[in-house]
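In what follows, every heavy atom counts, from backbone to side chain, and hydrogens, waters and symmetry copies are set aside.
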Amino acid sequence: MQAKFQMSSELKTELDKIVSQYETKQAALLPVLNLAQEKYGSISPEIESWVADYLQLPLMKVREVVSFYTLFHAEQKGKHHFQMCRNMSCMLRGCEEMIEYLKERLKLEDGQTSQDRCFSLSTVECLAACEMAPMMQLNDRYVGPLTKESIDQILKEIEINN
């Protein structure tokens with residue numbers, strides 16, 4: 001199946017460099033998806049198809065990886081993406097209250113992005129940082145243990161820097 005999506009020759013050069021570091025093309029799936037999302041803001045079905053063709057993988061394999069890992073998004077997220085952990089350690093240490101508080105502060109529900117694309121809010125099953133519970137990932141940064149005060153401080157910092 002030929003994908004309709006065409007990546008730029010510049011991006012293809014970057015991808016070829018990544019793939020050259022692996023014994024097989026298919027082993028480069030995660031970094032290839034990561035670079036595509038970095039460039040385009042999300043992994044659309046067209047990008048999934050292009051990556052599958054490029055790496056000579058079944059489309060379903062690419063789709064499974066994109067849907068499994070919380071770091072990949074089918075839709076563009078806001079500039080500040082809050083991923084709230086809701087797994088056992090975080091649950092036992094009060095994540096539900098922190099999730100509700102952040103929903104209230106951002107005026108968003110789980111899975112939503114603000115109209116101005118400044119904020120996105122997601123709940124995720126595990127961020128593998130139980131020692132920081134309750135915690136979240138804000139873009140690439142892990143934050144925790146969370147309190148209402150620490151959430152307020154983060155939002156204040158974002159406001160100052162925007």
Side-chain angles (χ1 to χ4, degrees), residues 3-15 17-18 28-52 54 62-87 89-91 93-162:
K4 296 175 188 171
F5 183 80
Q6 295 294 319
M7 288 203 184
S8 69
S9 60
E10 179 184 297
L11 181 57
K12 187 169 181 319
T13 300
E14 289 182 65
L15 293 172
K17 187 184 284 187
I18 289 170
L29 179 56
L30 290 174
V32 165
L33 286 170
N34 198 36
L35 182 60
Q37 180 168 277
E38 182 182 308
K39 297 291 184 184
Y40 294 97
S42 63
I43 305 293
S44 67
E46 293 82 11
I47 292 174
E48 286 179 354
S49 183
W50 190 93
V51 168
Y54 174 73
V62 175
R63 190 154 292 149
E64 286 172 344
V65 169
V66 170
S67 66
F68 177 78
Y69 289 102
T70 61
L71 64 130
F72 298 121
H73 315 293
E75 297 176 0
Q76 285 194 344
K77 298 296 180 185
K79 179 179 177 182
H80 305 284
H81 183 200
F82 294 85
Q83 294 183 82
M84 302 289 293
C85 182
R86 63 176 181 206
N87 215 333
S89 294
C90 288
M91 186 80 65
R93 302 215 45 214
C95 74
E96 288 178 336
E97 182 181 0
M98 296 302 103
I99 291 168
E100 290 306 313
Y101 186 70
L102 192 55
K103 284 180 177 181
E104 179 184 309
R105 289 294 318 273
L106 296 177
K107 296 177 179 37
L108 294 174
E109 291 297 320
D110 184 16
Q112 290 185 329
T113 298
S114 60
Q115 287 197 343
D116 63 1
R117 294 216 144 328
C118 190
F119 300 109
S120 290
L121 176 61
S122 305
T123 57
V124 296
E125 281 308 313
C126 186
L127 291 168
C130 298
E131 71 281 4
M132 298 172 72
M135 59 85 58
M136 70 177 171
Q137 184 175 347
L138 174 55
N139 297 338
D140 295 331
R141 185 179 88 176
Y142 276 23
V143 182
L146 293 172
T147 63
K148 290 179 179 179
E149 293 77 20
S150 66
I151 290 172
D152 289 341
Q153 182 61 39
I154 289 164
L155 293 173
K156 184 177 179 180
E157 289 170 13
I158 289 171
E159 186 180 313
I160 289 169
N161 292 322
N162 274 342

Roughly how far, to the nearest 0.5 Å, is the CD1 atom of I158 from the CG atom of L138? 5.0 Å
Output a table of donor-acceptor pairs, distance under 3.5 Å, between side-chain atoms of residues 123-130 and any protein atom two or more places apart or on a different chain; print 'none' if there are none.
residue: T123; atom: OG1; partner: R86; partner atom: NH1; Å: 2.6
residue: T123; atom: OG1; partner: D110; partner atom: OD1; Å: 3.4
residue: T123; atom: OG1; partner: D110; partner atom: OD2; Å: 2.6
residue: E125; atom: OE2; partner: R86; partner atom: NE; Å: 2.7
residue: E125; atom: OE2; partner: R86; partner atom: NH2; Å: 3.0

Distance-only polar pair, side chains of D152 and Y101, donor-acceptor under 3.5 Å: yes
Distance check, rounded to the nearest 0.5 Å: M98 atom CE versus C90 atom SG? 11.0 Å
Evaluate L35 against E38 for side chain to side chain contact (heavy atoms under 4.5 Å, CB included), listing each step before the verdict. CA-CA 5 Å; L35 182 60; E38 182 182 308; 4.3 Å; yes
Rounded to the nearest 0.5 Å, what's the gap from CG on L106 to OG on S120? Could you check? 9.5 Å
Considering only heavy atoms from C-beta outward, does the side chain of L30 approach that of F72 to under 4.5 Å? yes
Are any non-hydrogen side-chain atoms of V143 and Q137 less than 4.5 angstrom apart? no
For residues N139 and K79, report the shortest heavy-atom separation together with the two atoms involved. ND2-O, 3.1 Å
Listed partners of R117 passing salt bridge (charged side-chain N to carboxylate O under 4.0 Å, His left out), at least two apart: none
Which atoms form the tightest heavy-atom contact between S150 and P145, and what is the distance? OG-O, 4.1 Å
Could you name each residue pair satisfying salt bridge (charged side-chain N to carboxylate O under 4.0 Å, His left out) that touches residues 131-151, not counting sequence neighbours? E97-K148
Run the side chain to side chain contact (heavy atoms under 4.5 Å, CB included) test on F82 and I154 for me, step by step, so that the C-alpha distance in whole Å, both residues' side-chain angles and the decisive distance to 0.1 Å come before the verdict. CA-CA 11 Å; F82 294 85; I154 289 164; 4.2 Å; yes
Sub-3.5 Å donor-acceptor pair from the side chain of T13 to the main-chain atoms of S9, do we have one? yes
Evaluate side chain to side chain contact (heavy atoms under 4.5 Å, CB included) for L33 paired with V62, printing each intermediate quantity in order. CA-CA 9 Å; L33 286 170; V62 175; 4.1 Å; yes
Apply salt bridge (charged side-chain N to carboxylate O under 4.0 Å, His left out) to E75 and list each qualifying residue two or more places apart in sequence or on a separate chain. none
Quick check: does any side chain N or O of R93 sit under 3.5 Å from a backbone N or O of A133, one acting as donor and the other as acceptor? yes
Under 3.5 Å side-chain donor-acceptor pair for S122 and H81: yes
M84 and L146: which non-hydrogen atoms are nearest, and at how many Å? CE-CD1, 3.6 Å
What are the two closest non-hydrogen atoms of L15 and Y54, and how far apart are they? C-OH, 3.2 Å
Can you tell me how far apart CD (E100) and SG (C95) are? Round to the nearest 0.5 Å. 10.0 Å
L121 and Q112: CA distance, side-chain angles, deciding distance, side chain to side chain contact (heavy atoms under 4.5 Å, CB included) verdict: CA-CA 6 Å; L121 176 61; Q112 290 185 329; over 6 Å; no
Tell me whether N87 contacts the main-chain N or O of S89 through its side chain, where contact means a donor paired with an acceptor under 3.5 Å. no
Please examine the side chains of L29 and V51, heavy atoms only from C-beta on, and report whether any two atoms are closer than 4.5 Å. yes
Of all heavy-atom pairs linking Y142 and M135, the shortest is CD2-CE, 3.5 Å
Restricting to salt bridge (charged side-chain N to carboxylate O under 4.0 Å, His left out), what partner residues turn up for E109, sequence neighbours left out? K103
A28 versus I18, closest heavy-atom pair with distance: CB-CG2, 4.3 Å
Reported OG-to-NZ distance for the pair S114 and K77, which is rounded to 0.5 angstrom: 11.5 Å
Nearest 0.5 angstrom please: L71 CG to H73 NE2, how far? 7.0 Å
Residues in side chain to side chain contact (heavy atoms under 4.5 Å, CB included) with S42, at least two apart? Q76
